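Right, one structure below, let's go through it.
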Amino acid sequence: MELNWAERRVKRRRDAREASRVGGAVSGSFGVTHVAGSGECFQGRSRHRRSLLRARVMDFVTSTAILPLLLGCVGVCSLFKLLQWLRTRACVRNAVVVITGATSGLGRECARVFHAAGAKLVLCGRNAEALEELTRELAASRATKVQTHKPYTVTFDLTDPGAIVGAAAEILQCFGYVDVLINNAGISYRGTIVDTNLDVDRRVMETNYFGPVALTKALLPSMIRRRQGHVVAISSIQGKISVPFRSALMDETTAQGRSPSQVARDVLAAVGKKKKDVVLADVAPSLAVYLRTLAPRLFFSLMASRARKEWKPKRC
């Protein structure tokens, strides 16, 4: 009995299902269907292939030079970090370091860090009692294996030009020379331009600019004669960008962003590596520095928006 086209198609499908149960192949006028076997067999073979692939990868990593190369790179990086750390310590060990504004904040932490590294310190500030207290604290600290030295103290006010000349001479009398001058002292003021008295501007500039410049000029000839010296100027991020209602150095802003002890260690590392310019800030202020250079219009627009937001509560 001859079957019509629809019946032949149904029969072919039935034959294909029968063949899929036992494995094999079924061919017809519509193509060829290859059956690898049952589902469980296929999954088992897939797992076997993956395990073989993993084994081959591990054999390749362990049998070739890749693993030794990776271990060598890690070792070289670790050795490089160690040499950098040793070089940093060696650069400041027995070096004469002058720190202004050493009685509090970042200056006090710098005194601790440089003292622990073996530097010969000359601590400067306006408060003689606070300087003596810091000297006793450093002398009593024994938390380092490096040989430490008893710090000297020099009391003077950076806003007094006459006192700076005498202070520079007194600083040179301590050890005869200066290797590193850290201009850390500074004051801050928060307010609008209209509401700020001109005397405040003069005091900020005397302390944060003219005073450090005068002290640097007074000590610079001794560095030039020895053909050796390092001058460090510390300011807040406002030294790079303008921020509404802020000026010059702000210790409280530094403390909110990064702790003074962290910044002091970074200053020590920067001096040891003889870096020219270092930005020690979080992600947002660091991005603002580059934004000021690359997209000044966008930067000033953002700063203006910030100023308007901060100014609204003041007017209310």
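Keep in mind that what you see is a predicted model, and the values were worked out from it rather than measured. The figures that follow rest on heavy atoms only: side chains count, while hydrogens, waters and symmetry mates do not. Heads up: numbering here begins at 1 and tracks the sequence.
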At their closest point, which heavy atom of Ala264 faces which heavy atom of Val113, and how far apart are they?
CB-CG2, 3.7 Å
Exercise answer: donor-acceptor pairs, residues 220-232 side-chain atoms, under 3.5 Å, sequence neighbours excluded:
{"unit_1": "Ser222", "atom_1": "OG", "unit_2": "Leu219", "atom_2": "O", "d": "2.7"}
{"unit_1": "Arg226", "atom_1": "NH1", "unit_2": "Asp179", "atom_2": "OD1", "d": "3.1"}
{"unit_1": "Gln228", "atom_1": "NE2", "unit_2": "Asp179", "atom_2": "OD1", "d": "3.4"}

Any link between Ile234 and Leu158 through a network of hydrophobic side chains (Ile, Leu, Val, Met, Phe, Trp, Tyr) touching at under 4.5 Å?
no
When clusters are formed by joining ILVMFWY residues with side-chain heavy atoms under 4.5 Å apart, either directly or through shared neighbours, do Ile187 and Tyr209 land in the same one?
no
Between Val98 and Phe114, is there a shared hydrophobic cluster once you connect ILVMFWY residues whose side-chain heavy atoms come closer than 4.5 Å?
no
Heavy atoms only: give me the nearest Val178-Leu181 pair and the separation to one decimal.
CG1-N, 4.3 Å
Nearest-0.5 Å distance that lies between atom NE2 in His115 and atom CD1 in Ile99
11.0 Å
Heavy-atom closest pair (Val97 atom, Ala119 atom, distance to 0.1 Å) is CG2-CB, 3.8 Å
Nearest heavy-atom contact between Asn184 and Gly101 is ND2-O, 3.1 Å
Heavy atoms, side chains only, cut-off 4.5 Å: are Thr103 and Arg126 in contact?
no
Once rounded to the nearest 0.5 Å, what's the spacing between atom CG of Asn127 and atom OG1 of Thr153?
11.0 Å
With hydrophobic residues grouped by side-chain heavy-atom distances under 4.5 Å, do Ile182 and Val122 end up in a single group?
no
Do Leu138 and Leu123 come within less than 4.5 Å of each other through their side chains, counting heavy atoms only?
yes
Check whether any side-chain heavy atom of Leu268 lies under 4.5 Å from a side-chain heavy atom of Val92, and answer yes or no.
yes
Considering all heavy atoms, the nearest Ala102-Leu131 contact
CB-CD2, 4.4 Å
Given the rule that I, L, V, M, F, W and Y join up when any side-chain heavy atoms are under 4.5 Å apart, are Val267 and Leu134 in one cluster?
yes
Taking ring pair (Phe, Tyr, Trp, His ring centres under 6.0 Å) as the test, write out the residues that go with Phe156, two or more places apart.
none
Which residue pairs pass the salt bridge (Lys or Arg N to Asp or Glu O under 4.0 Å) test when at least one of the two sits in residues 147-171, sequence neighbours left out?
none
Kindly indicate whether the side chain of Ile171, heavy atoms from C-beta on, has any atom under 4.5 Å from the side chain of Cys124.
yes
Could you note down all residue pairs passing salt bridge (Lys or Arg N to Asp or Glu O under 4.0 Å) where residues 199-211 supplies at least one of them, sequence neighbours left out?
Asp199-Arg202
Kindly write out the residues that satisfy side chain to side chain contact (heavy atoms under 4.5 Å, CB included) with Ala218, not counting sequence neighbours, or none if the list is empty.
Ala168
Looking at Leu121 and Phe175, what are the two nearest heavy atoms and their distance?
O-CE1, 3.9 Å
Gap between atom CG of Leu215 and atom OG1 of Thr100 - 0.5 Å precision
7.0 Å
Could I get the full list of salt bridge (charged side-chain N to carboxylate O under 4.0 Å, His left out) partners for Arg112, not counting sequence neighbours?
Glu109, Glu137
